Student: 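The structure that follows is given in the form of structure tokens.
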Amino acid sequence: MVELLMLPTVSDSTSAYFGIRNDLADRLLKASHQLAGVPQQDRAAVLTAALDAVPEAASLLNPHTALFAEGDSDSSRLAFSCLSAAATFPSAARDQIADLGALTAVLFGMDDIADSIAGDWTDRDVEAFFARVRAILADDPVEAGADDPMDAALRAWRAWCERFRRHPGAAAHTATLLEQLRLAGAAMALERRWAMSGEPWPEYAPYLANGGLTILYHTWWAAALGICGPDPADPGHWDAVEAAVDIGAECMRLANDIRTFEREKHEGKPNAVLILERSGMSTAAAVERVSAHIAELNAAFAAELAGLPPELAGVAEGQHRSVSFNGAWYMARDTHAYTVRELAGDVERHTGG
């Protein structure tokens, strides 16, 4: 059993935000087990791998507590982030799962900044922030302060980039990761303008096209190719998997939207469910419509993955596992408030320890 990690908590305002629950979604959705997306025979190994990776992932986040909550805080995503990485690549080495788990937590922090959860930011602030994020990945000198959540995210990102560069496949996929960060930053700035009423809310289709980028699934997989992708690493692998990534990202975005529409109503931020409500649908009908769309996308996603070449079989399996895990998790609960202690309890229940 690993020692449970305790770090200082994030701000009261951030904690209050994470306290906004979506009880309506729970009533509208069929009951789902949070691990329904992990094959039964793999659950013990996935949970154990996630818990084993927690200390290493947390060591990267520990110094940056202005943004990243401790592992047993209701605002923490540390345990979930490591579990998501382990569910995607259950056979990966501990350092690979830790690096992908830490990346997930850092990307959550970036998303909180773009959504003005961890501060009050404009679309221009978001664009400038992502320019600094890209500069750090490109190993350009970037100054970071001590207390601001943006600076905390940048320091954590710098530490993560140093770890990323040690992986043999990282260099081959850095250009792709830089491009995905550029696209994500532009998409998040547009979301900020929508939330600030700087631009009218979009219709469903353009919203989803943009939201597929802001869920950061593209960004995560560009990095994952450098950490757990085929050997030898080939930049062309991204071209082969990009169509599947596009569909997987939309699956993730819509599942996230069902889980978070009450919080995003509070933010004034567009969401697939809220856009359909504005068109005249009831909340129940909107959730049903989005759920049906997810089912359609899942079928298209499976077909796209089936067409990938043999050398990308591990990536295809990882994408299938990732979307299955995250989609089922969102149907059951949110990504925060799953603590390291709770993860440890799940390990004991599934291993008989």
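The structure presented is a predicted model; accordingly, all values stated were derived computationally and were not measured.
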Student: Could I get the full list of salt bridge (charged side-chain N to carboxylate O under 4.0 Å, His left out) partners for E342, not counting sequence neighbours?
Tutor: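 With neighbours one apart ignored, the set is R333.
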
Student: Kindly write out the residues that satisfy ring pair (Phe, Tyr, Trp, His ring centres under 6.0 Å) with F301, not counting sequence neighbours, or none if the list is empty.
Tutor: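 Here no residue qualifies.
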
Student: When you compare the side chain of F80 with that of L343, does any pair of heavy atoms fall below 4.5 Å?
Tutor: no

Student: Mind checking what makes salt bridge (charged side-chain N to carboxylate O under 4.0 Å, His left out) contact with R253, not counting sequence neighbours?
Tutor: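 Here the qualifying residues are D257.
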
Student: Cut-off 3.5 Å, no hydrogens considered: what does the side-chain donor-acceptor table look like for residues 245-252, sequence neighbours left out?
Tutor:
from, atom 1, to, atom 2, distance (Å)
D246, OD1, H218, NE2, 2.7

Student: Please list all pairs meeting ring-ring contact (aromatic ring centres under 6.0 Å, His included) that have one or both residues in residues 181-204, counting only residues at least two apart or in different chains.
Tutor: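 Found Y204-H293.
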
Student: Mind checking what makes side-chain contact (heavy atoms from CB on, under 4.5 Å) contact with A86, not counting sequence neighbours?
Tutor: V46, A49, A50, I97

Student: Which pairs, with at least one residue in residues 213-228 and sequence neighbours excluded, count as a salt bridge (Lys or Arg N to Asp or Glu O under 4.0 Å)?
Tutor: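 Listed by first then second residue: nothing to list.
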
Student: Enumerate, atom names and distances included, each donor-acceptor pair closer than 3.5 Å involving a side-chain atom of residues 220-236, sequence neighbours excluded.
Tutor:
from, atom 1, to, atom 2, distance (Å)
W220, NE1, T104, OG1, 2.8
W221, NE1, Y217, OH, 3.4
D234, OD1, G236, N, 2.8

Student: State which residues pass ring pair (Phe, Tyr, Trp, His ring centres under 6.0 Å) with Y207; sequence neighbours excluded, sorted by chain then number.
Tutor: none

Student: When hydrophobic residues are tied together by side-chain contacts of less than 4.5 Å, even through go-betweens, does M281 share a cluster with V273?
Tutor: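 Yes.
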
Student: Would you please test D42 and R321 for salt bridge (Lys or Arg N to Asp or Glu O under 4.0 Å) and show each step?
Tutor: CA-CA 11 Å; D42 295 342; R321 286 178 174 271; 2.9 Å; yes

Student: Hey, could you give me each pair passing ring-ring contact (aromatic ring centres under 6.0 Å, His included) that has a residue in residues 226-245? Not counting sequence neighbours.
Tutor: none

Student: Can you pull the ring-ring contact (aromatic ring centres under 6.0 Å, His included) pairs that have at least one residue in residues 159-187, sequence neighbours excluded?
Tutor: W157-W160, W160-F164

Student: Is the shortest heavy-atom distance from the side chain of I294 to the side chain of I258 under 4.5 Å?
Tutor: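 I294 vs I258: side chains touch.
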
Student: Please list, chain by chain and in numerical order, all residues satisfying ring pair (Phe, Tyr, Trp, His ring centres under 6.0 Å) with F130, sequence neighbours excluded.
Tutor: none

Student: Check the surroundings of atom CZ in R163: do more than 12 heavy atoms from other residues, nucleotides or ligands lie under 6.0 Å from it?
Tutor: yes

Student: Could you check whether any side-chain heavy atom of V126 comes within less than 4.5 Å of a side-chain heavy atom of R193, counting everything from C-beta outward?
Tutor: no

